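Structure record follows, encoded as structure tokens.
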Amino acid sequence: MYVSVYGPGITAEHPRIVRADPADPAAPGTPSDATVTIAAHDGAHGGPVALEVRAPHGWRASWTRRRADLPPGGHLRFPLTVEPAAGAGPGEHLVRILAATPAGEFEDALTVTVPGGRLPAGLWVQAPDAAVTVAPGARVRVRARIGSTGIRSPLTGTAYLASPYGTWHLAGPAARPVHVEPDRPAEPEFEIRPPLTAPPGDHWMVVKAVCQGRIAYGPAIAVRITGG
């Protein structure tokens with residue numbers, strides 16, 4: 001299994017990707033092998049690449065920094081061995097792989113599963129308010145709770161307020177950065193502010209969370225615009 005994460009600087013001339021392919025689940029104190037791949041796709045320019053491995057506290061990695069020259073349109077692979085700390089709890093742990101290139105910085109997260117978790121690991125989104133009502137020209141906040149189950153590492157990403165075409169102008173900004181700790185959900189808020197010319201009607205919106213290769217949707221939130 002792998003997750004591909006594209007970073008800033010992706011253009012037609014500089015498409016690059018860093019990818020980490022983990023091996024089987026690893027028990028605490030037992031090494032696990034993986035492969036880190038850095039590639040310049042579709043004939044993109046190569047150049048120097050600085051790789052960095054950031055493992056959880058107490059974990060060991062066979063290397064933490066490495067430099068290489070990426071050929072134009074080519075790719076490089078590097079074996080990586082990670083060893084969970086002796087006291088690592090069951091669940092999913094993230095080992096971050098960062099690549100600094102002339103085209104920008106890129107990141108992927110290697111997921112190492114320590115066996116023994118009772119529930120499937122994953123990202124989740126809740127909507128404390130099932131419905132909101134707002135008048136044209138007024139404002140109302142839509143709240144969300146974004147957390148994780150069975151993921152032992154912090155997650156970073158973005159929360160989006162998604163809605164059907166034709167309703168995007170009702171909310172803003174539609175994206176919020178989020179930081180999800182293992183035992184402390186993030187609580188982003190979005191603002192719905194229909195213009196004075198908005199006609200009355202009923203709509204729906206959902207909060208979507210994207211965190212290091214994981215995607216989760218919350219339940220639909222009913223949005224009613226009154227007659228003013």
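Just so it is clear, the model here is predicted, and its values are computed rather than measured.
Checking side-chain atoms of Gln212 against main-chain N and O of Thr156 turns up a donor-acceptor pair under 3.5 Å. In this structure a side-chain-to-backbone donor-acceptor pair under 3.5 Å is missing from Ser163 to Met205. Formation of a donor-acceptor pair under 3.5 Å by the Trp124 side chain with backbone atoms of Gly218 is not found in this model. A donor-acceptor pair is defined here as one N or O able to donate and one able to accept, closer than 3.5 Å; such a pair exists between the side chain of Arg152 and the backbone of Pro90. A distance-only check finds a donor-acceptor pair linking the side chain of Arg176 to the backbone of Glu189 [under 3.5 Å].
Heavy atoms only, all atoms of each residue included: Ala171 and Leu161 are closest at CB-CD2, 3.6 Å. Ile151 and Ala121 get closest at one heavy-atom pair: CG1-CB, 4.1 Å. Shortest non-hydrogen contact noted between Pro102 and Pro48 is CD-O, 3.2 Å. Between Ala138 and Pro194 the shortest heavy-atom distance is O-CD, 3.7 Å. Across Val180 and Ser148, no two heavy atoms sit closer than the pair CG1-N, 4.0 Å. In terms of heavy atoms, Leu70 sits closest to His75 at CD1-CA, 3.9 Å.
Summarising the geometry, atom NE2 belonging to His179 is positioned 10.0 Å from atom SG belonging to Cys211; distances are rounded to the nearest 0.5 Å. Rounding to the nearest 0.5 Å gives a distance of 9.0 Å between CD of Glu107 and CD1 of Ile97. The OG1 atom of Thr101 lies 4.5 Å from the CZ atom of Phe106; values are rounded to the nearest 0.5 Å. The structure places OG1 of Thr149 at 9.0 Å from CG of Leu123, a figure rounded to the nearest 0.5 Å. Of the inter-residue distances, the one linking Ile225 atom CD1 with Ile192 atom CD1 reads 8.0 Å to the nearest 0.5 angstrom. The distance from the CZ atom of Arg96 to the CG atom of Leu110 is 13.0 Å, given to the nearest 0.5 Å.
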Criterion side-chain contact (heavy atoms from CB on, under 4.5 Å) on Leu80 and Trp63, from CA distance to verdict:
CA-CA 7 Å; Leu80 174 66; Trp63 54 272; 3.7 Å; yes

Assess the residue pair Phe190 and Arg141 against the criterion (side-chain contact (heavy atoms from CB on, under 4.5 Å)); give the C-alpha distance rounded to whole Å, side-chain angles, the decisive distance to 0.1 Å, and a yes or no.
CA-CA 6 Å; Phe190 300 89; Arg141 291 190 179 275; over 6 Å; no

May I have the step-by-step check of side-chain contact (heavy atoms from CB on, under 4.5 Å) for His203 and Leu170, ending in yes or no?
CA-CA 10 Å; His203 309 278; Leu170 299 178; 4.2 Å; yes

Start with the C-alpha distance between Tyr217 and Val125, add both sets of side-chain angles, then the distance that settles side-chain contact (heavy atoms from CB on, under 4.5 Å), and finish with yes or no.
CA-CA 6 Å; Tyr217 290 86; Val125 179; over 6 Å; no

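Residues Phe78 and Val112 share a hydrophobic cluster, clusters being chains of Ile/Leu/Val/Met/Phe/Trp/Tyr side chains in contact below 4.5 Å. Both Leu76 and Val36 belong to a common hydrophobic cluster when Ile, Leu, Val, Met, Phe, Trp and Tyr are linked at side-chain heavy-atom distances under 4.5 angstrom. Under a hydrophobic clustering in which Ile, Leu, Val, Met, Phe, Trp and Tyr are joined whenever their side-chain heavy atoms come within less than 4.5 Å, directly or via other members, Ile38 and Val53 fall into the same cluster. The same ILVMFWY cluster, assembled from side-chain heavy atoms under 4.5 Å apart, contains both Val132 and Val207. Note on Trp204: it does not cluster hydrophobically with Val134, by side-chain heavy-atom contacts below 4.5 Å among ILVMFWY residues.
Val82 places none of its side-chain heavy atoms less than 4.5 Å from the side chain of Arg60. Between Pro136 and Thr226 there is a side-chain heavy-atom pair separated by less than 4.5 Å. Between Pro188 and Ile146, some side-chain heavy-atom pair lies under the 4.5 Å cut-off.
Partner of Thr111 under the side-chain hydrogen bond (donor to acceptor under 3.5 Å, both in side chains) criterion, out of Arg214, His93, Glu92: Arg214 alone.
Counting non-hydrogen atoms of other residues, nucleotides and ligands closer than 6.0 Å to CG of Asp183 gives a total of 12 or fewer.
Between Arg145 and Glu187, at least one side-chain nitrogen of the basic residue sits less than 4.0 Å from a carboxylate oxygen of the acidic one, meeting the salt-bridge criterion.
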